[in-house]
Participant: 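Would you mind keeping the following structure in view while I ask a few things?
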Amino acid sequence: MDVGKAIDPLLIDGQIHGAISHGIGISLMESIRLDQGSVINDNFTDYVIPSIMDTPDVAESILVEKPYRNSAFGAKGVGEPAIISIVPAITNAIYHATGYSSNVIPITSEFLYKALRRMEE
Amino acid sequence: MKPVPEFVYHTPQDLAEALQLISEYEDSLPIAGGTDLIIELRNGARKTGHLISLNQVKDLNYIKEESGHIHIGATTKHTQIASSKLIKNRASILSEAALQVGSNQIRNLGTVGGNLCNASPGADTATPLLVLGAQAVISSKEGPRTVPLTDFFTGPKRNCLKHGELLTEVSFPSPPEGSGGGFQKLGRRQGCTISLINAAAYIEIESGVCKEARVAVGACAPTPVRIPDVESQLKGERLDDDLIEEVSRACYVLVKPSQREHSRASEEYRREMSCVLMKRALMGALDNARRNMK
(Lines give C-alpha, C1' and ligand atoms only; values in the text may rest on other atoms or scores of the structure.)
Protein backbone atom coordinates (compact mmCIF):
# COMPACT_ATOMS: atom_id res chain seq x y z
CA MET A 1 0.00 0.00 0.00
CA ASP A 2 1.25 3.47 -0.89
CA VAL A 3 1.39 5.33 2.41
CA GLY A 4 3.51 8.27 1.25
CA LYS A 5 5.69 8.17 4.34
CA ALA A 6 5.42 5.54 7.07
CA ILE A 7 5.50 7.72 10.18
CA ASP A 8 4.50 4.79 12.43
CA PRO A 9 4.92 1.48 10.53
CA LEU A 10 3.36 -0.66 13.31
CA LEU A 11 0.24 1.53 13.36
CA ILE A 12 -0.08 1.20 9.57
CA ASP A 13 0.20 -2.56 9.88
CA GLY A 14 -2.65 -2.48 12.41
CA GLN A 15 -4.76 -0.31 10.10
CA ILE A 16 -4.26 -2.70 7.19
CA HIS A 17 -5.14 -5.74 9.31
CA GLY A 18 -8.21 -3.87 10.58
CA ALA A 19 -9.21 -2.96 7.03
CA ILE A 20 -9.09 -6.62 5.99
CA SER A 21 -11.38 -7.56 8.86
CA HIS A 22 -13.72 -4.64 8.10
CA GLY A 23 -13.71 -5.60 4.41
CA ILE A 24 -14.73 -9.16 5.31
CA GLY A 25 -17.52 -7.68 7.43
CA ILE A 26 -19.00 -5.40 4.79
CA SER A 27 -18.73 -7.97 2.00
CA LEU A 28 -20.15 -10.93 3.91
CA MET A 29 -22.10 -9.83 7.00
CA GLU A 30 -22.77 -6.22 7.85
CA SER A 31 -26.11 -4.72 6.89
CA ILE A 32 -28.43 -2.31 8.63
CA ARG A 33 -31.99 -3.61 8.53
CA LEU A 34 -34.90 -1.20 8.65
CA ASP A 35 -38.55 -1.60 9.49
CA GLN A 36 -40.57 1.52 8.56
CA GLY A 37 -37.52 3.67 9.06
CA SER A 38 -36.40 2.22 12.40
CA VAL A 39 -33.23 0.20 12.68
CA ILE A 40 -34.20 -3.27 13.89
CA ASN A 41 -30.70 -4.65 14.35
CA ASP A 42 -29.41 -1.94 16.67
CA ASN A 43 -27.09 -4.22 18.64
CA PHE A 44 -24.02 -6.38 17.99
CA THR A 45 -26.09 -9.56 18.37
CA ASP A 46 -27.92 -8.81 15.13
CA TYR A 47 -25.58 -6.35 13.43
CA VAL A 48 -22.95 -9.00 12.83
CA ILE A 49 -19.29 -8.04 12.46
CA PRO A 50 -16.45 -10.53 11.94
CA SER A 51 -14.93 -12.26 14.95
CA ILE A 52 -11.29 -13.33 15.22
CA MET A 53 -12.46 -16.77 13.97
CA ASP A 54 -13.54 -15.16 10.68
CA THR A 55 -10.22 -13.42 10.12
CA PRO A 56 -7.54 -15.24 8.13
CA ASP A 57 -3.82 -15.00 8.76
CA VAL A 58 -2.63 -11.82 7.13
CA ALA A 59 0.59 -12.00 5.17
CA GLU A 60 3.12 -9.24 5.62
CA SER A 61 1.82 -5.80 4.63
CA ILE A 62 3.92 -4.20 1.93
CA LEU A 63 4.40 -0.46 2.37
CA VAL A 64 5.27 1.74 -0.59
CA GLU A 65 6.63 5.14 0.35
CA LYS A 66 5.98 7.62 -2.43
CA PRO A 67 5.83 11.03 -0.70
CA TYR A 68 2.77 13.25 -1.19
CA ARG A 69 4.10 16.74 -1.77
CA ASN A 70 1.20 18.65 -0.13
CA SER A 71 1.26 16.95 3.31
CA ALA A 72 3.50 16.94 6.35
CA PHE A 73 6.44 14.54 5.88
CA GLY A 74 4.78 13.31 2.61
CA ALA A 75 2.40 11.01 4.53
CA LYS A 76 -0.89 9.74 3.00
CA GLY A 77 -4.05 8.55 4.73
CA VAL A 78 -4.13 4.84 5.57
CA GLY A 79 -7.27 4.07 7.62
CA GLU A 80 -10.03 3.56 5.05
CA PRO A 81 -8.19 3.25 1.72
CA ALA A 82 -6.98 -0.20 2.73
CA ILE A 83 -10.60 -1.52 2.59
CA ILE A 84 -11.01 -0.66 -1.10
CA SER A 85 -9.26 -3.75 -2.46
CA ILE A 86 -10.75 -6.23 0.03
CA VAL A 87 -14.39 -6.11 -1.08
CA PRO A 88 -13.74 -6.79 -4.79
CA ALA A 89 -11.21 -9.47 -3.81
CA ILE A 90 -13.92 -11.32 -1.86
CA THR A 91 -16.77 -10.78 -4.37
CA ASN A 92 -14.49 -11.90 -7.21
CA ALA A 93 -13.47 -14.98 -5.22
CA ILE A 94 -17.16 -15.83 -4.84
CA TYR A 95 -17.64 -15.31 -8.60
CA HIS A 96 -14.68 -17.57 -9.29
CA ALA A 97 -15.97 -20.28 -6.95
CA THR A 98 -19.67 -20.21 -7.87
CA GLY A 99 -20.13 -18.29 -11.12
CA TYR A 100 -22.31 -15.74 -9.34
CA SER A 101 -21.23 -12.14 -9.75
CA SER A 102 -22.88 -9.81 -7.28
CA ASN A 103 -23.16 -6.04 -7.41
CA VAL A 104 -24.81 -6.03 -3.98
CA ILE A 105 -23.14 -6.51 -0.62
CA PRO A 106 -23.18 -8.10 1.88
CA ILE A 107 -23.24 -11.53 0.26
CA THR A 108 -24.49 -13.51 3.25
CA SER A 109 -24.69 -17.28 3.02
CA GLU A 110 -28.48 -17.08 2.69
CA PHE A 111 -28.24 -14.39 -0.01
CA LEU A 112 -25.77 -16.53 -1.96
CA TYR A 113 -27.92 -19.63 -1.52
CA LYS A 114 -30.93 -17.83 -3.01
CA ALA A 115 -28.88 -16.34 -5.83
CA LEU A 116 -27.49 -19.75 -6.79
CA ARG A 117 -31.03 -21.18 -6.70
CA ARG A 118 -32.18 -18.47 -9.11
CA MET A 119 -29.25 -19.24 -11.42
CA GLU A 120 -30.26 -22.93 -11.53
CA GLU A 121 -33.77 -22.03 -12.69
CA MET B 1 -27.81 1.41 28.10
CA LYS B 2 -30.94 1.00 30.20
CA PRO B 3 -30.33 0.21 33.86
CA VAL B 4 -31.56 -3.04 35.36
CA PRO B 5 -34.64 -2.31 37.54
CA GLU B 6 -34.12 -2.66 41.29
CA PHE B 7 -34.28 -6.08 42.94
CA VAL B 8 -33.21 -7.85 46.12
CA TYR B 9 -30.24 -10.20 45.66
CA HIS B 10 -30.10 -13.41 47.69
CA THR B 11 -27.08 -15.69 47.99
CA PRO B 12 -28.19 -19.04 49.42
CA GLN B 13 -25.35 -21.39 50.42
CA ASP B 14 -27.06 -24.70 49.78
CA LEU B 15 -29.86 -26.18 47.70
CA ALA B 16 -32.43 -26.36 50.51
CA GLU B 17 -32.00 -22.66 51.23
CA ALA B 18 -32.22 -21.80 47.51
CA LEU B 19 -35.44 -23.79 47.07
CA GLN B 20 -36.90 -22.14 50.18
CA LEU B 21 -36.14 -18.66 48.84
CA ILE B 22 -37.45 -19.43 45.36
CA SER B 23 -40.81 -20.62 46.69
CA GLU B 24 -41.00 -17.90 49.35
CA TYR B 25 -41.15 -14.94 46.92
CA GLU B 26 -43.85 -14.83 44.28
CA ASP B 27 -41.64 -12.80 41.87
CA SER B 28 -38.35 -14.64 42.45
CA LEU B 29 -36.06 -15.73 39.62
CA PRO B 30 -33.00 -17.96 39.95
CA ILE B 31 -29.81 -16.62 38.39
CA ALA B 32 -26.57 -18.47 37.60
CA GLY B 33 -24.40 -16.96 34.83
CA GLY B 34 -26.98 -14.32 33.98
CA THR B 35 -25.79 -14.09 30.37
CA ASP B 36 -29.39 -14.24 29.11
CA LEU B 37 -31.31 -13.12 32.19
CA ILE B 38 -29.56 -9.77 32.75
CA ILE B 39 -30.26 -8.78 29.13
CA GLU B 40 -33.93 -9.68 29.56
CA LEU B 41 -34.19 -7.78 32.84
CA ARG B 42 -32.59 -4.78 31.17
CA ASN B 43 -34.90 -4.74 28.14
CA GLY B 44 -37.96 -5.49 30.26
CA ALA B 45 -38.72 -8.92 28.78
CA ARG B 46 -38.64 -10.30 32.34
CA LYS B 47 -39.34 -8.69 35.69
CA THR B 48 -38.29 -9.74 39.16
CA GLY B 49 -38.24 -8.44 42.72
CA HIS B 50 -35.92 -11.13 44.05
CA LEU B 51 -32.94 -12.68 42.28
CA ILE B 52 -31.77 -15.92 43.88
CA SER B 53 -28.13 -16.48 42.99
CA LEU B 54 -27.13 -20.11 42.59
CA ASN B 55 -23.43 -19.38 42.35
CA GLN B 56 -22.68 -20.13 46.02
CA VAL B 57 -24.62 -23.41 45.91
CA LYS B 58 -21.71 -25.84 45.58
CA ASP B 59 -23.80 -29.01 45.25
CA LEU B 60 -25.10 -27.92 41.82
CA ASN B 61 -21.72 -27.78 40.08
CA TYR B 62 -20.34 -31.19 39.05
CA ILE B 63 -19.72 -33.60 36.19
CA LYS B 64 -19.63 -37.26 37.20
CA GLU B 65 -20.32 -40.77 35.95
CA GLU B 66 -22.32 -42.98 38.27
CA SER B 67 -24.16 -46.30 37.72
CA GLY B 68 -24.12 -46.08 33.93
CA HIS B 69 -25.19 -42.46 33.71
CA ILE B 70 -23.34 -39.18 33.25
CA HIS B 71 -24.64 -36.48 35.57
CA ILE B 72 -24.09 -32.75 35.09
CA GLY B 73 -25.07 -30.23 37.76
CA ALA B 74 -27.22 -27.33 36.56
CA THR B 75 -24.71 -24.57 37.31
CA THR B 76 -21.83 -26.32 35.53
CA LYS B 77 -20.36 -23.76 33.17
CA HIS B 78 -19.89 -24.26 29.43
CA THR B 79 -16.13 -23.93 29.90
CA GLN B 80 -16.17 -26.73 32.48
CA ILE B 81 -18.11 -29.00 30.11
CA ALA B 82 -15.89 -28.16 27.15
CA SER B 83 -12.75 -28.94 29.17
CA SER B 84 -14.05 -32.07 30.91
CA LYS B 85 -12.12 -35.22 29.86
CA LEU B 86 -15.11 -37.38 30.80
CA ILE B 87 -17.47 -35.48 28.48
CA LYS B 88 -14.88 -35.31 25.72
CA ASN B 89 -14.25 -39.06 25.82
CA ARG B 90 -17.79 -40.26 26.38
CA ALA B 91 -20.06 -37.62 24.83
CA SER B 92 -17.89 -35.54 22.52
CA ILE B 93 -20.86 -33.79 20.85
CA LEU B 94 -21.72 -32.07 24.11
CA SER B 95 -18.10 -30.93 24.36
CA GLU B 96 -18.19 -29.55 20.83
CA ALA B 97 -21.50 -27.77 21.40
CA ALA B 98 -20.41 -26.25 24.73
CA LEU B 99 -17.27 -24.95 23.02
CA GLN B 100 -19.38 -23.14 20.40
CA VAL B 101 -21.70 -21.34 22.81
CA GLY B 102 -21.19 -17.58 22.53
CA SER B 103 -17.74 -16.21 23.33
CA ASN B 104 -15.09 -17.11 25.89
CA GLN B 105 -16.57 -14.63 28.35
CA ILE B 106 -20.07 -16.08 27.94
CA ARG B 107 -18.80 -19.65 28.29
CA ASN B 108 -16.99 -18.72 31.50
CA LEU B 109 -20.23 -17.42 33.02
CA GLY B 110 -23.07 -19.26 31.27
CA THR B 111 -24.26 -22.60 32.64
CA VAL B 112 -25.83 -25.66 31.05
CA GLY B 113 -28.87 -25.32 33.33
CA GLY B 114 -29.31 -21.70 32.32
CA ASN B 115 -28.96 -22.55 28.64
CA LEU B 116 -31.76 -25.13 28.97
CA CYS B 117 -34.05 -23.06 31.23
CA ASN B 118 -33.73 -20.02 28.97
CA ALA B 119 -35.23 -22.40 26.38
CA SER B 120 -34.07 -20.55 23.31
CA PRO B 121 -35.14 -22.54 20.23
CA GLY B 122 -31.49 -22.48 19.13
CA ALA B 123 -29.82 -23.30 22.48
CA ASP B 124 -26.55 -24.99 21.55
CA THR B 125 -26.43 -27.54 24.38
CA ALA B 126 -30.08 -28.58 23.94
CA THR B 127 -29.76 -30.55 20.69
CA PRO B 128 -26.79 -32.72 21.83
CA LEU B 129 -28.48 -33.41 25.16
CA LEU B 130 -31.71 -34.33 23.36
CA VAL B 131 -29.96 -36.92 21.20
CA LEU B 132 -27.98 -38.27 24.17
CA GLY B 133 -31.37 -39.13 25.67
CA ALA B 134 -31.03 -36.69 28.57
CA GLN B 135 -33.36 -36.28 31.49
CA ALA B 136 -33.86 -33.13 33.53
CA VAL B 137 -33.93 -33.42 37.31
CA ILE B 138 -36.22 -30.75 38.73
CA SER B 139 -36.22 -30.06 42.47
CA SER B 140 -38.60 -28.21 44.75
CA LYS B 141 -39.24 -28.13 48.49
CA GLU B 142 -41.45 -31.20 47.97
CA GLY B 143 -38.57 -33.19 46.47
CA PRO B 144 -37.14 -33.97 43.04
CA ARG B 145 -38.93 -35.11 39.90
CA THR B 146 -37.50 -36.23 36.58
CA VAL B 147 -38.73 -35.30 33.12
CA PRO B 148 -37.30 -36.36 29.76
CA LEU B 149 -35.65 -33.37 28.10
CA THR B 150 -38.07 -33.81 25.18
CA ASP B 151 -40.87 -32.69 27.54
CA PHE B 152 -38.84 -29.95 29.24
CA PHE B 153 -39.27 -27.32 26.51
CA THR B 154 -42.83 -26.07 26.08
CA GLY B 155 -42.33 -23.16 23.66
CA PRO B 156 -39.89 -20.43 22.65
CA LYS B 157 -38.30 -19.21 25.90
CA ARG B 158 -40.71 -21.45 27.86
CA ASN B 159 -40.01 -24.53 29.96
CA CYS B 160 -42.07 -26.86 32.12
CA LEU B 161 -40.84 -25.50 35.50
CA LYS B 162 -43.56 -24.44 37.93
CA HIS B 163 -43.19 -21.75 40.59
CA GLY B 164 -40.87 -22.96 43.35
CA GLU B 165 -39.09 -25.43 41.10
CA LEU B 166 -35.46 -25.40 40.01
CA LEU B 167 -33.60 -27.41 37.37
CA THR B 168 -30.81 -29.07 39.36
CA GLU B 169 -29.27 -31.66 37.03
CA VAL B 170 -29.22 -33.13 33.55
CA SER B 171 -28.20 -36.74 33.15
CA PHE B 172 -27.98 -39.18 30.28
CA PRO B 173 -27.02 -42.85 29.86
CA SER B 174 -23.27 -43.32 29.29
CA PRO B 175 -22.96 -43.92 25.54
CA PRO B 176 -21.87 -47.54 24.93
CA GLU B 177 -19.16 -48.89 22.61
CA GLY B 178 -20.03 -48.54 18.94
CA SER B 179 -21.89 -45.31 19.51
CA GLY B 180 -21.05 -41.92 18.08
CA GLY B 181 -22.39 -38.44 17.77
CA GLY B 182 -22.17 -35.47 15.44
CA PHE B 183 -22.96 -31.81 16.07
CA GLN B 184 -23.28 -29.07 13.46
CA LYS B 185 -23.97 -25.40 13.86
CA LEU B 186 -24.62 -22.71 11.28
CA GLY B 187 -24.27 -19.09 12.37
CA ARG B 188 -23.70 -15.81 10.60
CA ARG B 189 -19.99 -15.93 11.36
CA GLN B 190 -17.44 -18.48 12.60
CA GLY B 191 -17.09 -17.50 16.26
CA CYS B 192 -19.28 -15.94 18.95
CA THR B 193 -22.48 -16.50 17.03
CA ILE B 194 -26.11 -17.41 17.56
CA SER B 195 -27.23 -20.58 15.80
CA LEU B 196 -29.35 -19.83 12.74
CA ILE B 197 -29.83 -23.54 12.98
CA ASN B 198 -28.03 -26.43 14.64
CA ALA B 199 -28.31 -30.19 14.42
CA ALA B 200 -27.13 -33.15 16.47
CA ALA B 201 -27.14 -36.85 15.73
CA TYR B 202 -26.42 -39.92 17.83
CA ILE B 203 -26.22 -43.48 16.54
CA GLU B 204 -25.29 -46.89 17.92
CA ILE B 205 -23.89 -49.50 15.54
CA GLU B 206 -24.00 -53.21 16.32
CA SER B 207 -22.58 -55.75 13.84
CA GLY B 208 -22.77 -53.23 11.04
CA VAL B 209 -26.40 -52.33 11.63
CA CYS B 210 -27.78 -49.16 13.18
CA LYS B 211 -29.28 -50.24 16.48
CA GLU B 212 -30.30 -46.86 17.83
CA ALA B 213 -30.59 -43.46 16.17
CA ARG B 214 -31.59 -40.13 17.68
CA VAL B 215 -31.49 -36.83 15.82
CA ALA B 216 -32.48 -33.31 16.78
CA VAL B 217 -32.48 -29.83 15.27
CA GLY B 218 -32.45 -26.43 16.94
CA ALA B 219 -33.87 -23.07 15.81
CA CYS B 220 -36.14 -24.88 13.35
CA ALA B 221 -39.27 -25.03 15.52
CA PRO B 222 -40.60 -23.20 18.61
CA THR B 223 -38.31 -25.45 20.70
CA PRO B 224 -35.30 -27.68 20.00
CA VAL B 225 -36.88 -30.91 18.70
CA ARG B 226 -36.12 -34.55 18.02
CA ILE B 227 -37.16 -35.79 14.56
CA PRO B 228 -38.57 -39.32 15.06
CA ASP B 229 -39.41 -39.77 11.35
CA VAL B 230 -35.73 -39.53 10.46
CA GLU B 231 -34.72 -41.78 13.37
CA SER B 232 -37.08 -44.57 12.32
CA GLN B 233 -35.68 -44.59 8.78
CA LEU B 234 -32.16 -45.19 10.15
CA LYS B 235 -32.87 -47.89 12.73
CA GLY B 236 -32.11 -51.43 11.57
CA GLU B 237 -30.35 -50.24 8.41
CA ARG B 238 -26.77 -50.52 7.23
CA LEU B 239 -25.75 -46.89 7.14
CA ASP B 240 -23.86 -45.42 4.21
CA ASP B 241 -23.50 -41.98 2.66
CA ASP B 242 -26.35 -42.52 0.16
CA LEU B 243 -28.86 -43.55 2.82
CA ILE B 244 -27.84 -40.67 5.09
CA GLU B 245 -28.20 -38.21 2.20
CA GLU B 246 -31.65 -39.53 1.35
CA VAL B 247 -32.91 -39.66 4.93
CA SER B 248 -31.61 -36.15 5.70
CA ARG B 249 -33.64 -34.71 2.79
CA ALA B 250 -36.77 -35.57 4.78
CA CYS B 251 -35.92 -32.76 7.24
CA TYR B 252 -37.10 -30.24 4.64
CA VAL B 253 -40.75 -31.05 5.26
CA LEU B 254 -40.41 -32.23 8.87
CA VAL B 255 -39.03 -29.05 10.45
CA LYS B 256 -41.24 -26.08 11.24
CA PRO B 257 -39.10 -22.91 11.18
CA SER B 258 -40.35 -19.50 12.22
CA GLN B 259 -42.22 -17.57 9.52
CA ARG B 260 -41.66 -14.24 11.22
CA GLU B 261 -40.87 -11.45 8.77
CA HIS B 262 -37.71 -10.23 10.51
CA SER B 263 -36.41 -13.62 11.55
CA ARG B 264 -32.63 -14.08 11.44
CA ALA B 265 -33.04 -16.50 8.53
CA SER B 266 -35.91 -17.18 6.16
CA GLU B 267 -38.11 -20.23 6.52
CA GLU B 268 -36.95 -21.71 3.22
CA TYR B 269 -33.26 -21.26 4.05
CA ARG B 270 -33.73 -22.92 7.44
CA ARG B 271 -35.57 -25.86 5.83
CA GLU B 272 -32.83 -26.34 3.24
CA MET B 273 -29.98 -25.98 5.75
CA SER B 274 -31.62 -28.39 8.21
CA CYS B 275 -31.11 -31.11 5.57
CA VAL B 276 -27.48 -30.14 5.03
CA LEU B 277 -26.63 -29.95 8.75
CA MET B 278 -28.50 -33.19 9.46
CA LYS B 279 -26.49 -34.98 6.77
CA ARG B 280 -23.20 -33.66 8.15
CA ALA B 281 -24.17 -34.48 11.75
CA LEU B 282 -25.13 -38.03 10.78
CA MET B 283 -21.93 -38.55 8.80
CA GLY B 284 -19.92 -37.30 11.77
CA ALA B 285 -21.85 -39.63 14.05
CA LEU B 286 -21.22 -42.60 11.76
CA ASP B 287 -17.50 -41.81 11.62
CA ASN B 288 -17.29 -41.54 15.40
CA ALA B 289 -19.31 -44.71 15.95
CA ARG B 290 -16.97 -46.70 13.67
CA ARG B 291 -13.95 -45.35 15.49
CA ASN B 292 -15.59 -46.16 18.81
CA MET B 293 -15.86 -49.88 18.07
CA LYS B 294 -13.52 -52.42 19.56
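Labels below follow one simple rule: chain letters A, B, ... track the order of the sequence lines, proteins then strands, and each chain is numbered from 1.
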Participant: Heavy-atom distances under 4.5 Å only: say whether Ser266(B) touches chain A with side chain, backbone, both or neither.
Facilitator: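 Answer is both: backbone and side chain atoms of Ser266(B) are under 4.5 Å from chain A.
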
Participant: Does CG in Asp57(A) sit with more than 12 non-hydrogen atoms of other residues, nucleotides or ligands closer than 6.0 Å?
Facilitator: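 No, because the 6.0 Å sphere around CG of Asp57(A) holds 12 heavy atoms or fewer from other groups.
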
Participant: Please name all residues satisfying ring pair (Phe, Tyr, Trp, His ring centres under 6.0 Å) with Phe111(A), sequence neighbours left out, ordered by chain then number.
Facilitator: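 Per chain and number, Phe111(A) pairs via ring pair (Phe, Tyr, Trp, His ring centres under 6.0 Å) with no residue.
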
Participant: Can you tell me which of Met53(A), Glu110(A), Arg33(A), Met29(A) forms the most heavy-atom pairs within a distance under 4.5 Å of chain B?
Facilitator: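 Looking at each of Met53(A), Glu110(A), Arg33(A), Met29(A) in turn, Glu110(A) comes out on top.
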
Participant: If only atom types and distance count, is the side chain of Thr79(B) paired as donor or acceptor with the main-chain N or O of Arg107(B) below 3.5 Å?
Facilitator: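 Answer holds: yes.
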
Participant: Under 4.5 Å from any heavy atom of chain B, what part of Asn41(A) do you find: side chain, backbone, both or neither?
Facilitator: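 Neither part.
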
Participant: Between Thr91(A) and Pro88(A), is there a donor-acceptor pair closer than 3.5 Å when you use the side chain of the first and the backbone of the second?
Facilitator: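 At least one qualifying donor-acceptor pair exists.
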
Participant: Where on Leu28(A) is there a heavy atom nearer than 4.5 Å to chain B: the side chain, the backbone, both, or neither?
Facilitator: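 It is neither, since no heavy atom gets under 4.5 Å.
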
Participant: Could you have a look at Ile49(A), Thr55(A), Ile52(A) and say which one has the most heavy-atom pairs with chain B under 4.5 angstrom?
Facilitator: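 The candidate making the most pairs under 4.5 Å is Ile49(A).
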
Participant: If we define contacts as heavy-atom pairs under 4.5 Å, which of Met273(B), Glu268(B), Glu272(B) has the most with chain A?
Facilitator: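 Between Met273(B), Glu268(B), Glu272(B), the count favours Glu272(B).
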
Participant: Between the side chains of Asp2(A) and Lys76(A), is the shortest nitrogen-to-carboxylate-oxygen separation below 4.0 Å, so that they form an ion pair?
Facilitator: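 Answer for the salt bridge query: yes.
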
Participant: Can you tell me which portion of Thr45(A) sits under 4.5 Å from chain B's heavy atoms? Options are side chain, backbone, both or neither.
Facilitator: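 Contact with chain B involves both backbone and side-chain atoms of Thr45(A).
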
Participant: Looking at Arg42(B), I want to see if its CZ is surrounded by more than 12 non-hydrogen atoms of other residues, nucleotides or ligands under 6.0 Å.
Facilitator: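 More than 12 heavy atoms, drawn from other residues, nucleotides or ligands, come within 6.0 Å of this atom.
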
Participant: Tell me, for Thr108(A) versus chain B, whether the close heavy atoms (under 4.5 Å) come from the side chain, the backbone, both or neither.
Facilitator: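 Contact with chain B: none, neither part.
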
